[in-house]
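Notes follow once the structure below has been shown.
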Amino acid sequence: MESRYRLRNSRDFEQMRQQGRTFSRPSLLLNVRANGLDYNRYGFVVGKRLGTAVTRNRIRRRLREAMRRLHPQLHPGYDVVIIARPPVGGAVFSSILDVLKDVLCQAKLKDSQERGAEE
RNA sequence: CAGGUUGGCCGGGUGAUCGCUCUCCUGCCUGAGCAGGGGGGAGGAAAGUCCGCCCUCCACAGGGUACGGUGCUGGCUAACGGCCAGGCGGGGUAACCCGACGGCAAGUGCCACAGAGAAGUGUAUUGCCCCAUGCGCGAGCAUGGAGCGAGGGUGAAACGGCGGUGUAAGAGACCACCGGCGCGGGCAGUGAUGUUCGCGGCCAGGCAAACCCCACCGGGAGCAAGGCCAAGCAGGCGCAUUGGGGCGACCCGUCCCACAAAAAGCGCCGGGUCGGCUGCUUGAGCUUGUAGGUAACUACAAGCCCAGAUAGAUGAUCACCCACGACAGAAGGCGGCUUACAGGCCGGCCUGGACA
RNA sequence: GCCCCAUUCGUCUAGAGGCCCAGGACGUAGCCCUCUCAAGGCUAAAACAGGGGUUCGAUUCCCCUAUGGGGCA
């Protein structure tokens with residue numbers, strides 16, 4: 001993922017906590033907020049509860065790879081923060097991808113494949 | 001062959017597609033950047049942060065006290081609490097392993113319970129022996145007195161061992177030998193130490209990871225150090241008969257600033273600062289060879305460049321192979337120690353058994 | 001990244017080498033009291049984070065590990 005698409009500023013993360021919309025799944029949390037730009041920015045939060053540095057890195061890489069694949073299908077102009085929860089540690093990549101698709105559809109950042117081009 | 005012990009090495013591999021980071025070349029471009037191609041891209045512990053050092057700042061760092069650390073000897077090293085070699089002690093049949101391994105006859109303190117006694121001049125309801133009185137034919141018994149420290153007993157630990165002289169019974173009370181201690185000397189060794197001779201006094205308990213004493217070492221802080229740029233905010237108080245401050249515990253000592261108009265400076269309080277660049281990887285570096293050294297290691301020569309991210313780079317999918325993959329992710333760098341670890345490979349040595 | 005601190009019954013704590021098979025409070029269980037519950041009384045179970053070392057002897061002293069917590073922009 002290119003660095004211009006990353007969410008880097010700690011102030012941005014603070015504002016996401018206060019102003020962003022939150023969607024919850026057992027394995028992760030999704031924060032979404034409009035950013036006024038013509039592209040999306042992404043951030044990942046993997047806390048120390050998730051395990052050692054090796055497992056945290058693995059979780060973050062899988063999340064980042066999943067978002068890289070979904071990125072072309074998303075509506076632009078949003079900041080997205082994904083917060084990992086403990087069940088994601090043992091999940092395989094395809095199930096992470098499914099959960100992300102599901103929660104992004106609920107957040108109306110992505111068109112649902114089943115319902116066609118409603119939005 | 002089995003068991004043990006010890007030293008070293010490896011830590012899944014190959015291929016394809018899509019991606020990430022650094023760097024080089026080419027092209028486009030004012031530039032930021034974009035496109036194509038080439039190359040590099042986590043570990044033996046990157047970990048814990050237990051030590052040591054480089055580096056950076058604190059207005060150079062001197063002495064004493066305090067505090068902390070280390071603690072057999074010699075060497076290696078930039079340095080170390082590390083490593084190598086040796087000594088001593090302990091464990092093991094052995095190979096080998098382990099050791100905070102200076103000082104308790106400088107001082108102070110502690111040694112529960114049990115025990116007469118837990119550290120000097122000590123003790124008796126057990127015991128040994130003698131005397132007196134009483135009882136008894138007698139052996140002896142009871143009571144009282146004096147002597148004794150051998151025996152029994154307690155304890156984790158009890159004030160040398162064995163033999164003899166001596167005595168009423170005994171005792172380093174005395175003697176020979178042995179063990180141990182102190183002093184002085186010889187020999188071997190750089191030294192720790194070993195060995196040996198002489199003299200002494202009869203013997204000196206343990207604990208210093210108890211206070212402490214001795215020797216040596218240590219200025220403090222840490223890359224969020226420090227430097228530069230951008231942005232932003234609000235200023236106030238103190239600073240001469242000498243004052244404020246630094247050397248982060250204290251004293252001496254020393255240094256810096258101010259010496260009166262203002263400014264600047266220093267200190268304290270308050271406010272602001274969450275963005276970049278740098279430090280940032282060529283180094284006590286790696287590989288090979290030669291030489292010196294028992295070794296740790298060192299010297300020389302040749303060749304090589306081997307991560308540098310900054311919300312933090314190694315992932316996803318597929319195929320094949322096998323022993324079906326453990327512990328685990330750089331964040332300034334380096335040398336160690338410690339801890340975690342599926343499995344595999346190579347070598348040395350010891351013990352036991354069998355065979356030749 | 002760097003620097004510190006703590007760990008004792010289920011919970012909060014005391015203890016600072018032996019005197020104590022680690023004391024107290026709340027909670028838990030049983031019994032008594034009551035028509036029943038509460039309150040009260042009596043009794044019991046229940047812990048030194050793990051490993052190694054020093055010592056005759058360790059919750060205490062030293063080292064390592066694990067877990068939890070705090071500070072520094």
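Remember, it's a predicted structure, so these values are computed and weren't measured experimentally. Residue numbers start from 1 in every chain, and the chains themselves are labelled A, B, ... in the order their sequence lines are given, proteins ahead of strands.
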### Message
Side chain of A:Ala53 only, heavy atoms from C-beta on: which candidate in B:rA330, B:rU317, B:rA313 is closest?
### Response
B:rA330

### Message
Of the options B:rG315, B:rG329, B:rG312, whose atoms approach the side-chain atoms of A:Arg64 most closely?
### Response
B:rG312

### Atom P, compared across B:rC110 and B:rA119: separation rounded to whole Å
9 Å

### Message
If I pick the C1' atom on B:rG74 and the same atom on B:rG227, what distance separates them, to the nearest angstrom?
### Response
47 Å

### Partner of A:His71 under ring pair (Phe, Tyr, Trp, His ring centres under 6.0 Å), chosen from A:Tyr78, A:Tyr39, A:Tyr42
A:Tyr42

### Task
Take A:Val54 and A:Val92, find for each the nucleotide of RNA chain B with the closest heavy atom, and name the residue whose nucleotide sits nearer the 5' end.
A:Val92

### Query
Roughly how far apart, to the nearest Å, are B:rG267 and B:rG246 at atom C1'?
11 Å

### Message
Using side-chain heavy atoms (C-beta onward) and a distance below 4.5 Å, is A:Ile82 in contact with A:Val103?
### Response
no

### Message
So A:Arg62, base contact, sugar-phosphate only, or nothing? Heavy-atom distance under 4.0 Å.
### Response
sugar-phosphate

### Query
With a 4.5 Å limit on heavy-atom distance, are the side chains of A:Leu63 and A:Arg60 in contact?
no

### Message
Once you apply a heavy-atom cut-off of 4.0 Å, does A:Arg60 come out as touching a base, just sugar-phosphate, or nothing?
### Response
sugar-phosphate

### Task
For A:Val45 and for A:Ser94, find the nucleotide of RNA chain B with the closest heavy atom, then tell me which residue's nucleotide is more 5'.
A:Val45

### Query
From the list B:rU317, B:rG329, B:rC18, which nucleotide is the closest neighbour of the side chain of A:Arg68?
B:rC18

### Query
When the C1' atoms of C:rA49 and C:rC9 are considered, how many whole Å apart are they?
14 Å

### Query
So, are A:Glu65 and A:Arg69 salt-bridged, with charged N and O less than 4.0 Å apart?
yes

